[in-house]
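Encoded as structure tokens, the structure appears first; notes follow it.
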Amino acid sequence: MTNRPVLFLDSGIGGIPYCRNYLNRNPNESIVYLADRLHFPYGIREKNELIDILSTLVDLLIKTINPKIIVLACNTATLAALAVLREHFPKIAFVGTVPAIKPAALASKNGKIGVLGTELTIKQPFVKELAAQYGSNDITGIAAPELVTFIEKSFYSASDDEKKAFVQNYLNKFRAAGIDTLVLGCTHFLFLLDVFQREASPDITVFDSIRGITRRIESLLTDTVIPQGNNSYPKNRLLLTGSSEPESTWESWADQLGFSLSLLNSEQ
Ligand code: DGL
């Protein structure tokens, strides 16, 4: 196995549950987690603007880090830019994160599916098209930019009651629409997966894509011949965009993962 790192990319902390799941199963891999805090949040941007941001960032990441695989651990980035990134950077393997609509549509008994995502994700035709492909034409999409910000900025400090209130507020809207399956279509929301599951039970089943993404990375690495890189990479880093000092919560996230924390700027 090559020592070139597996790189997870999100606008902020959203990809951490995916990175952690992969790390737990693959403790010997070298991993870089990149949080593009400079451009957070992605979900309120126009598609073309996000494509430009990600093309510039990926170009820099390939030049400075040379990852063997880039995981867009972000639904918004995936739906807006993955196809273009694959075209621009044909030599790099990408894994995208799309809302788990297929398993939700297959599991739904009444054909009514809810998707909670960012504004840009909810706008994408992909969401409706994929559901229709698996037999559901009744999608309720809700954009939750305030939940993205709440999780990014306050997950550590918020009380259980505050978290529960956010979740209940969305579930009330989905219940009014009569859904029986709910897709968490933004990686940030996975931090509240247990709260969603608890509050949604027993009438709504919640779907996420964490294990599917880990399996996809593993199979890609098994099936693809990836050239070796050099040995100079420090193992497991959390990198931030921007030049300001990392906020203290980033140190806590890095500690939790067992990663070292630094700025992407300092890698150039
Ligand atoms: N975590 C990202 C997603 O999965 C979006 C958060 C943001 O708006 O930056 O869509």
Side-chain angles (χ1 to χ4, degrees), residues 7-22 33-58 70-85 94-102 104 114-127 130 139 141-156 158 163 166-167 170 182-193 196 206-214 216-217 238-242 247 249-250 253 257 264:
L7 188 139
F8 289 80
L9 187 165
D10 181 53
S11 57
I13 63 173
I16 288 179
Y18 292 78
C19 177
R20 203 187 273 144
N21 188 266
Y22 181 74
Y33 186 90
L34 188 279
D36 186 13
R37 64 174 176 158
L38 192 60
H39 298 108
F40 173 88
Y42 283 170
I44 58 164
R45 294 176 188 277
E46 292 301 321
K47 185 174 172 177
N48 285 339
E49 184 193 2
L50 190 53
I51 289 175
D52 287 347
I53 289 171
L54 287 164
S55 298
T56 307
L57 184 57
V58 166
I70 294 182
V71 183
L72 295 183
C74 173
N75 294 266
T76 311
T78 302
L79 294 184
L82 180 59
V84 178
L85 292 174
F94 287 96
V95 170
T97 313
V98 293
I101 289 170
K102 178 179 166 185
V115 181
L116 191 65
T118 65
E119 284 152 300
L120 193 51
T121 294
I122 296 301
K123 271 196 257 173
Q124 300 306 310
F126 171 90
V127 170
L130 191 65
I139 287 268
I142 296 182
E146 55 299 304
L147 184 59
V148 174
T149 305
F150 171 72
I151 290 171
E152 181 72 23
K153 307 287 179 205
S154 315
F155 182 76
Y156 257 124
K163 293 174 184 168
F166 259 103
V167 169
Y170 294 114
L182 171 63
V183 180
L184 297 183
C186 168
T187 57
H188 276 74
F189 305 160
L190 276 302
F191 283 95
L192 296 181
L193 178 60
F196 271 104
V206 181
F207 288 81
D208 70 82
S209 56
I210 294 185
R211 282 169 303 280
I213 296 299
T214 294
R216 176 78 192 113
I217 303 167
L238 195 167
L239 296 181
L240 304 175
T241 54
E247 296 78 6
T249 45
W250 284 114
W253 289 117
L257 288 165
L264 177 61

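Note that ligands are numbered from 1 as they come in the structure, with each ligand's atoms numbered from 1 the same way. What you see is a predicted model; the values in this text were computed from it and never measured. We're numbering straight along the sequence, starting at 1.
Considering backbone and side-chain atoms together, Thr121 places no N or O closer than 3.5 Å to any N or O of ligand 1. Looking at Pro41 next to ligand 1, no N or O pair under 3.5 Å apart turns up.
Tested against Leu79 for a side chain to side chain contact (heavy atoms under 4.5 Å, CB included), the candidates Gln124, Lys123, Lys47 yield a single pass: Gln124.
The aromatic ring centres of Phe166 and Phe150 sit less than 6.0 Å apart.
For atom 7 (C) of ligand 1, the closest non-hydrogen atom of the protein is Tyr42 N, 3.3 Å. From the protein, the heavy atom lying nearest to atom 10 (O) of ligand 1 is Thr76 OG1, 2.5 Å.
Residue contact check: Gly43 has heavy atoms under 4.0 Å from atoms 7 (C), 8 (O), 9 (O) of ligand 1. Which parts of ligand 1 touch Ser11 is read off a 4.0 Å heavy-atom cut-off, strictly below it: atoms 6 (C), 7 (C), 9 (O). Those atoms of ligand 1 with a heavy atom of Thr118 less than 4.0 angstrom away are 5 (C), 8 (O), 10 (O). Heavy-atom contacts of Val148 reach the following atoms of ligand 1: 6 (C), 7 (C), 8 (O) (cutoff under 4.0 Å). Listed by number with element, the atoms of ligand 1 under 4.0 angstrom from any heavy atom of Thr187 are 1 (N), 2 (C), 3 (C), 4 (O).
Counting only non-hydrogen atoms, the option in Gly15, Ala80, Cys74 that gets closest to atom 2 (C) of ligand 1 is Cys74.
Side chains of Thr121 and Asn75: no donor on one and acceptor on the other come within 3.5 Å.
Considering only heavy atoms from C-beta on, Tyr18 stays 4.5 Å or farther from Val71 through its side chain. You'll find the side chain of Arg45 reaches within 4.5 Å of the side chain of His39, heavy atoms only. Side-chain contact check for Ile70 versus Leu85: every heavy-atom pair is 4.5 Å or farther apart.
Relative to the six-membered ring of Phe207, Lys102 misses at least one condition, a distance below 6.0 Å or an angle of at most 45° to the axis.
Ring geometry for Phe189 against Phe196 counts as tilted: the plane angle lies between 30° and 60°, on a 0 to 90° scale.
Contact annotation for Asp10 and ligand 1: only side-chain heavy atoms (C-beta onward) come within less than 4.0 Å of the ligand.
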